[in-house]
Amino acid sequence: MLVGEGLHASVENIYPELPDYVNALSSAGVECHSCDLDVTLEQLVGEPDFIKLLAACGIKQFSILALRKKGYFVRSRLTKAREQLDLLSKQLEKHDVKLILPVVGESLIPSPSAAFHLVRGLPPFAFGIRLDPGGELFEGFEAWDYTVALLMDYLTTVTIRDSILVRDPGAADANGKGWARRWSTVQDGMTDWTEMLRQLRNVEFSGSLELRPMLSTGSEAIKSEIDYLKALTDPAEPGK
């Protein structure tokens, strides 16, 4: 579920909106054990009851907003972020809840290596990493075999979306040679999902794959992306 402005529950009124929504789902026969919480790491540290409430609602893992880079103060920001994660560690362990940190371009952790540097030594049962292979083509790309082997038990979630390079010299975000990146469907994008999934199988990945369509809006278009992924994840599929 999603907790933020205009979503399933708001941060400002997370109580009682979160338990009310979770109870409504349960009454409909749907169990919810994860959520995206639109708060910063600083907000999470400053309001410890967030974690307590999530645990009371049966939430086992949650992600927060991407960690902010704040200009050139990268080293001091990494040090501060690690101190904040250390402060959260005992509370996460106490309530049996996992905090998932997203790898996102233009953030403090834009790559798997940066994420590992931040969480190294923290308990994997309390902290996880959410990868974004399609987004990493914009910033932070590292080879899949290196990525998966490096993160190992910290790797909790893989976001499934994709992008392509297009020649658009007049675009505001085009580089000096006129190339710009644009979102695409997973079947048309540049990410080698076959190789990525193979590396996940190699480490017996037991986390979640979360499809986040960037272009598809209608049910048929989304189904087409899902069918493409199903074909890749089918162990009976030849060559997979």
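Every value quoted in this text rests on a predicted model; they were computed, and no experiment measured them. One is the number of the first residue; the rest follow in order along the sequence.
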J.: Could you go step by step and tell me if I59 and L37 meet the side chain to side chain contact (heavy atoms under 4.5 Å, CB included) rule?
T.: CA-CA 11 Å; I59 301 297; L37 181 61; over 6 Å; no
J.: If we only count heavy atoms from C-beta on, is the S76 to K70 side-chain gap below 4.5 Å?
T.: no
J.: With a 4.0 Å cut-off, would you call E42 and R68 a salt bridge?
T.: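 So E42 pairs with R68 through a salt bridge.
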J.: Nearest 0.5 Å please: distance from the CG atom of L65 over to the CG atom of D36.
T.: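 It is 9.0 Å, given to the nearest 0.5 Å.
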J.: Identify the two heavy atoms, one from L67 and one from A81, that lie closest to each other, and give their separation to 0.1 Å.
T.: CD1-CB, 4.4 Å
J.: Can you tell me how far apart SG (C57) and CG (L18) are? Round to the nearest 0.5 Å.
T.: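 The CG atom of L18 is 4.0 Å from SG of C57, to the nearest 0.5 Å.
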J.: Would you please test R198 and E195 for salt bridge (charged side-chain N to carboxylate O under 4.0 Å, His left out) and show each step?
T.: CA-CA 5 Å; R198 186 175 76 83; E195 176 60 16; 3.0 Å; yes
J.: Please name the pair of heavy atoms, one in D38 and one in Q43, separated by the smallest distance, quoted to 0.1 Å.
T.: O-OE1, 4.5 Å
J.: Could you check whether atom CZ of R167 has more than 12 heavy atoms from other residues, nucleotides or ligands sitting under 6.0 Å from it?
T.: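 Yes, the 6.0 Å shell around CZ holds more than 12 heavy atoms from other groups.
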J.: Please indicate whether F125 has more than 12 foreign heavy atoms, meaning atoms of other residues, nucleotides or ligands, lying under 6.0 Å from its CZ.
T.: yes
J.: Using a 3.5 Å distance criterion without hydrogens, assess whether the side chain of S208 forms a donor-acceptor pair with backbone atoms of E210.
T.: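 Checking the backbone N and O of E210 against the side chain of S208, no donor-acceptor pair under 3.5 Å is found.
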J.: Any link between L53 and L7 through a network of hydrophobic side chains (Ile, Leu, Val, Met, Phe, Trp, Tyr) touching at under 4.5 Å?
T.: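 Different hydrophobic clusters.
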J.: Whether the S224 and Q187 side chains hold a donor-acceptor pair (N or O, under 3.5 Å, no angle test) is what I'd like checked.
T.: yes
J.: For the backbone of M196 and the side chain of R201, can you confirm whether one donor and one acceptor N or O come within less than 3.5 Å of each other?
T.: no
J.: Please check this pair: side chain of R82 against backbone of R120, looking for a donor-acceptor N/O pair closer than 3.5 Å.
T.: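 Pair found, side chain donor or acceptor close to backbone of R120.
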J.: Considering all heavy atoms of both residues, which atom of T156 and which atom of F205 are nearest to each other, and what is their separation?
T.: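 Residues T156 and F205, closest heavy atoms: O-CZ, 3.6 Å.
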J.: What residues form a ring-ring contact (aromatic ring centres under 6.0 Å, His included) with W183, not counting sequence neighbours?
T.: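 Scan of W183 (ring-ring contact (aromatic ring centres under 6.0 Å, His included), adjacent residues dropped) gives F138.
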J.: Over all heavy atoms of both residues, which pair between R130 and S63 is shortest? Give the atoms and the distance, please.
T.: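 So the minimum-distance heavy-atom pair works out to NH1-OG, 3.3 Å.
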J.: Give the cluster check for V203 versus L232: same hydrophobic cluster or not, with ILVMFWY residues linked at side-chain heavy-atom distances below 4.5 Å.
T.: yes
J.: Quick one, L44 with F62, criterion side chain to side chain contact (heavy atoms under 4.5 Å, CB included). Give me CA distance, side-chain angles, the key distance, then yes/no.
T.: CA-CA 11 Å; L44 186 62; F62 71 102; 3.9 Å; yes
J.: Do you know which two heavy atoms are closest between L122 and Y154, and how far apart they sit?
T.: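 Smallest heavy-atom distance, with atoms named: O-OH, 2.5 Å.
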J.: Kindly indicate whether the side chain of D49, heavy atoms from C-beta on, has any atom under 4.5 Å from the side chain of Y15.
T.: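 No, every pair of side-chain atoms sits at 4.5 Å or beyond.
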J.: Start with the C-alpha gap between L92 and I51, add the side-chain angles, then the distance that decides, and say whether side chain to side chain contact (heavy atoms under 4.5 Å, CB included) holds.
T.: CA-CA 7 Å; L92 292 165; I51 295 174; 3.7 Å; yes
J.: How would you list, by chain and number, every residue that makes a side-chain contact (heavy atoms from CB on, under 4.5 Å) with D173, sequence neighbours excluded?
T.: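 Result, side-chain contact (heavy atoms from CB on, under 4.5 Å) vs D173: A171, A180, R182.
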J.: Given the rule that I, L, V, M, F, W and Y join up when any side-chain heavy atoms are under 4.5 Å apart, are L197 and Y146 in one cluster?
T.: yes
J.: Any side-chain heavy-atom pair from P133 and W144 closer than 4.5 angstrom?
T.: yes
J.: Can you tell me how far apart NZ (K69) and CD (E106) are? Round to the nearest 0.5 Å.
T.: 6.5 Å
J.: Is a salt bridge present between E220 and K223, judged by a nitrogen-to-oxygen distance below 4.0 Å?
T.: no
J.: Regarding S10 and E5, do their side chains bring together a donor and an acceptor under 3.5 Å, going by distance alone?
T.: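 The criterion, which ignores hydrogens and geometry beyond distance, is not satisfied for E5 and S10.
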J.: Rounded to the nearest 0.5 Å, what separation is found between the NE2 atom of H117 and the CG atom of L78?
T.: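 The NE2 atom of H117 sits 5.0 Å away from the CG atom of L78.
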J.: Report yes if some heavy atom in the side chain of L200 is under 4.5 Å from a heavy atom in the side chain of V158; otherwise report no.
T.: yes
J.: Does E31 offer a backbone N or O that forms a donor-acceptor pair with the side chain of S26 under 3.5 Å?
T.: no
J.: Check each of T191, T185, L215 against D162 using the side chain to side chain contact (heavy atoms under 4.5 Å, CB included) test, and report the only one that passes.
T.: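 The single option meeting the side chain to side chain contact (heavy atoms under 4.5 Å, CB included) with D162 is T191.
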J.: Considering non-hydrogen atoms only, spot the tightest contact between P213 and I222 and give its length.
T.: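 So the minimum-distance heavy-atom pair works out to CG-CG1, 4.2 Å.
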J.: The test is side chain to side chain contact (heavy atoms under 4.5 Å, CB included); show your working for L150 and L155 and say whether it passes.
T.: CA-CA 9 Å; L150 178 69; L155 182 53; over 6 Å; no
J.: Measure the shortest side-chain to side-chain distance between T40 and I64 over non-hydrogen atoms and say whether it is less than 4.5 angstrom.
T.: no
J.: Taking the side chain as every heavy atom from C-beta outward, state whether M214 and S184 have any atom pair closer than 4.5 Å.
T.: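 The answer is no, as the side chains (C-beta and beyond) never meet within the 4.5 Å cut-off.
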J.: Should P169 and W179 count as side-chain neighbours, where that means a heavy-atom distance under 4.5 Å?
T.: no
J.: Between Q61 and S34, do the side chains contain a donor N or O and an acceptor N or O under 3.5 Å apart?
T.: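 No, no side-chain donor-acceptor pair sits under 3.5 Å.
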J.: If hydrophobic clusters are built by linking Ile, Leu, Val, Met, Phe, Trp and Tyr wherever their side-chain heavy atoms come under 4.5 Å apart, do V104 and F116 end up in the same one?
T.: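 Shared cluster, no.
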J.: Kindly assign one of parallel, tilted or perpendicular to the pair Y21 and H8, based on the angle between their ring planes and the thresholds 30° and 60°.
T.: parallel
J.: Step through the shown structure and confirm whether more than 12 heavy atoms of other residues, nucleotides or ligands are within 6.0 Å of CD on E83.
T.: yes
J.: From T157 OG1 over to I129 CD1, what is the distance, rounded to the nearest 0.5 angstrom?
T.: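 Taking OG1 in T157 and CD1 in I129, the distance rounds to 10.0 Å.
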J.: Between the side chain of T79 and the main-chain N/O of R75, is any donor-acceptor distance below 3.5 Å?
T.: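 Checking the backbone N and O of R75 against the side chain of T79, a donor-acceptor pair under 3.5 Å is found.
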J.: Pair E142, S113 - check side chain to side chain donor-acceptor pair (under 3.5 Å), show working.
T.: CA-CA 8 Å; E142 293 174 331; S113 290; 2.7 Å; yes
J.: Under 4.5 Å between side-chain heavy atoms, counting indirect links through other Ile/Leu/Val/Met/Phe/Trp/Tyr residues: same cluster for L211 and L131 or not?
T.: yes
J.: Evaluate the side-chain proximity of K230 to E225: yes if any heavy-atom separation is below 4.5 Å, no if none is.
T.: no
J.: Output the distance between atom CG (L54) and atom NZ (K60), rounded to the nearest 0.5 Å.
T.: 11.5 Å
